Amino acid sequence: MCGACGTTVYPDPVMGNEHTLRNRILVARTVSSVCAGVPGAPRIAALAAGWSVTSATGSILLCHTVADIWRALPVRSASVLQHALEVRALTEGPVGLSARVVALGLELTRQRLLVGPHR
């Protein structure tokens with residue numbers, strides 16, 4: 001729990017100790033820009049307690065970690081998403097919050113393709 005605001009802080013290696021709204025907005029923008037060409041791409045919004053992921057059908061999921069956001073994306077688009085992440089990883093560089101967001105997305109998408117859908 002955060003001593004300043006009283007909200008529950010979920011451990012997130014991508015966010016580290018910087019669970020600020022500014023960083024949440026950066027994460028939302030990074031994931032949204034990667035997903036721009038993915039069929040059925042959801043809308044991602046930063047919230048004080050995490051992120052909301054709104055699907056093309058209108059269902060809303062509350063995500064507390066960056067990994068939760070990537071797992072909330074449509075499984076049927078995993079190969080398209082992997083390609084978009086690979087392209088973004090080449091242009092992003094190895095350092096910074098956006099780079100960590102993309103790296104985690106790429107890792108989880110590769111796992112999803114190897115293991116298969118869980119939904």
Side-chain angles (χ1 to χ4, degrees):
M1 180 171 291
C2 174
C5 64
T7 60
T8 302
V9 177
Y10 294 86
D12 190 342
V14 174
M15 294 291 287
N17 293 327
E18 295 292 322
H19 290 265
T20 63
L21 185 56
R22 180 181 183 276
N23 283 349
R24 291 189 194 282
I25 291 169
L26 179 60
V27 168
R29 286 184 181 167
T30 301
V31 176
S32 294
S33 68
V34 168
C35 294
V38 176
R43 290 187 318 270
I44 299 145
L47 306 171
W51 298 268
S52 67
V53 177
T54 307
S55 73
T57 61
S59 65
I60 300 173
L61 290 171
L62 177 61
C63 298
H64 297 289
T65 66
V66 177
D68 291 344
I69 297 170
W70 290 118
R71 289 184 190 114
L73 300 179
V75 174
R76 66 186 175 281
S77 304
S79 61
V80 176
L81 180 60
Q82 181 182 3
H83 177 70
L85 282 161
E86 288 169 348
V87 170
R88 179 68 183 255
L90 291 173
T91 61
E92 191 63 49
V95 181
L97 180 58
S98 292
R100 292 191 308 268
V101 170
V102 170
L104 178 63
L106 193 52
E107 177 185 333
L108 292 174
T109 304
R110 286 179 178 153
Q111 289 175 6
R112 197 182 261 185
L113 286 172
L114 293 174
V115 175
H118 293 282
R119 290 185 179 185

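Because the structure is predicted, anything quoted here is derived from the model rather than measured.
- Here the closest heavy-atom approach between residue L21 and residue A46 is recorded as CD1-CB, 4.1 Å.
- To the nearest 0.5 Å, atom OG1 of residue T91 and atom CD of residue E86 are 12.0 Å apart.
- With contacts defined as side-chain heavy-atom distances shorter than 4.5 Å, the pair L47/R24 does not qualify.
- Counting all heavy atoms, side chain and backbone alike, G37 lies closest to V80 at O-CG1, 4.2 Å.
- Closest approach of A72 and L61 over heavy atoms only: CB-CD1, 3.7 Å.
- Between L73 and P42 there is a side-chain heavy-atom pair separated by less than 4.5 Å.
- Side-chain contact between V34 and L81 is present, with at least one heavy-atom pair separated by less than 4.5 Å.
- Applying the side chain to side chain donor-acceptor pair (under 3.5 Å) definition to pairs two or more places apart or across chains, those involving residues 95-106 are T30-S98.
- Nearest heavy-atom pair across G93 and A99 is O-CB, 3.2 Å.
- Panel note: side chain D68, backbone L62; no donor-acceptor pair is recorded below 3.5 Å.
- Rounding to the nearest 0.5 Å places OG1 of T20 at 9.0 Å from CG of L26.
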task = For side chain to side chain contact (heavy atoms under 4.5 Å, CB included), just list the numbers for S55 and R43, CA-CA rounded to whole Å, side-chain angles, deciding distance to a tenth of an Å, and then say yes or no.
result = CA-CA 7 Å; S55 73; R43 290 187 318 270; over 6 Å; no

message = Let's go through I69 and V27 carefully: what are the C-alpha distance in whole Å and the side-chain angles of both, what is the deciding distance for side chain to side chain contact (heavy atoms under 4.5 Å, CB included) to 0.1 Å, and is it a yes or a no?
response = CA-CA 10 Å; I69 297 170; V27 168; 3.9 Å; yes

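- Side-chain atoms of T109 come within 3.5 Å of backbone atoms of G105 as a donor-acceptor pair (strictly under, hydrogens ignored).
- Residue I25 holds its CD1 atom at 11.5 Å from OG of S32, rounded to the nearest 0.5 Å.
- Among V31, L90, V14, L85, the one residue that satisfies the side-chain contact (heavy atoms from CB on, under 4.5 Å) test with V102 is L85.
- Residues satisfying the salt bridge (Lys or Arg N to Asp or Glu O under 4.0 Å) criterion with E18, sequence neighbours excluded, are absent altogether.
- Put simply, the side chain of T54 never gets that close to the backbone of G58: no donor and acceptor are under 3.5 Å apart.
- In this structure, the side chain of W70 engages the main chain of V101 through a donor-acceptor pair within 3.5 Å.
- Among residue pairs with one or both ends in residues 41-68, those qualifying as ring-ring contact (aromatic ring centres under 6.0 Å, His included) are Y10-H64; sequence neighbours excluded.
- Annotation: the span from R88 atom CZ to S33 atom OG amounts to 3.5 Å, rounded to 0.5 Å.
- Note that CD of E92 is 9.0 Å distant from CG of L97, once rounded to the nearest 0.5 Å.
- Pairing each heavy atom of A41 with each of C35, the nearest pair is CB-O, 3.1 Å.
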